[in-house]
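Notes follow once the structure below has been shown.
Heavy atoms only: backbone and side chains are in, while hydrogens, waters and symmetry mates are out. For clarity, every value in this text was computed on a predicted model and none was experimentally measured.
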Amino acid sequence: MTFPLQELARLIAPDAPLVGAVVGVEGALVRVATERGAVTARSLDALAIGDRVLVRHGMATRAPVARHIYPV
């Protein structure tokens with residue numbers, strides 16, 4: 001059984017991080033295109049349009065990128 005307050009908190013800020021790309025920047029706020037649609041999040045990093053980011057708890061941080069590429 002879930003409590004209504006827990007369900008509301010889950011809907012407002014889901015626990016799973018979202019991966020997306022920055023499509024708009026307004027000061028500390030960035031608009032991120034994700035698989036679920038556009039999300040507005042705060043960022044402490046200097047982000048530019050096209051950067052891949054991870055959105056967790058309303059904060060956007062740079063997504064880790066591969067350092068090595070191996071041919072298959």
Heavy-atom closest contact (Asp45 atom, Ala60 atom, distance) = OD2-O, 4.4 Å
Locate the shortest heavy-atom distance separating Gly20 from Thr34; write the atom from each residue and the value.
-> CA-CG2, 4.3 Å
Show your reasoning for whether side chain to side chain contact (heavy atoms under 4.5 Å, CB included) applies to Leu18 and Val39.
-> CA-CA 9 Å; Leu18 294 172; Val39 175; 4.2 Å; yes
Step-by-step side chain to side chain contact (heavy atoms under 4.5 Å, CB included) determination, Asp51 to Arg62 | CA-CA 7 Å; Asp51 287 345; Arg62 290 189 191 275; 3.1 Å; yes
Indicate the atoms forming the closest heavy-atom contact of Ile49 with Val23, along with that distance.
-> CD1-O, 4.0 Å
Do the side chain of Arg52 and the main chain of Pro64 share a donor and acceptor less than 3.5 angstrom apart?
-> no
Which atoms form the tightest heavy-atom contact between Val55 and Ala41, and what is the distance?
-> CG1-CB, 4.1 Å
Smallest heavy-atom separation, Val25 atom then Leu47 atom, equals CG2-O, 3.9 Å
At what distance, to the nearest 0.5 angstrom, does CD of Glu7 lie from CD1 of Ile12?
-> 11.0 Å
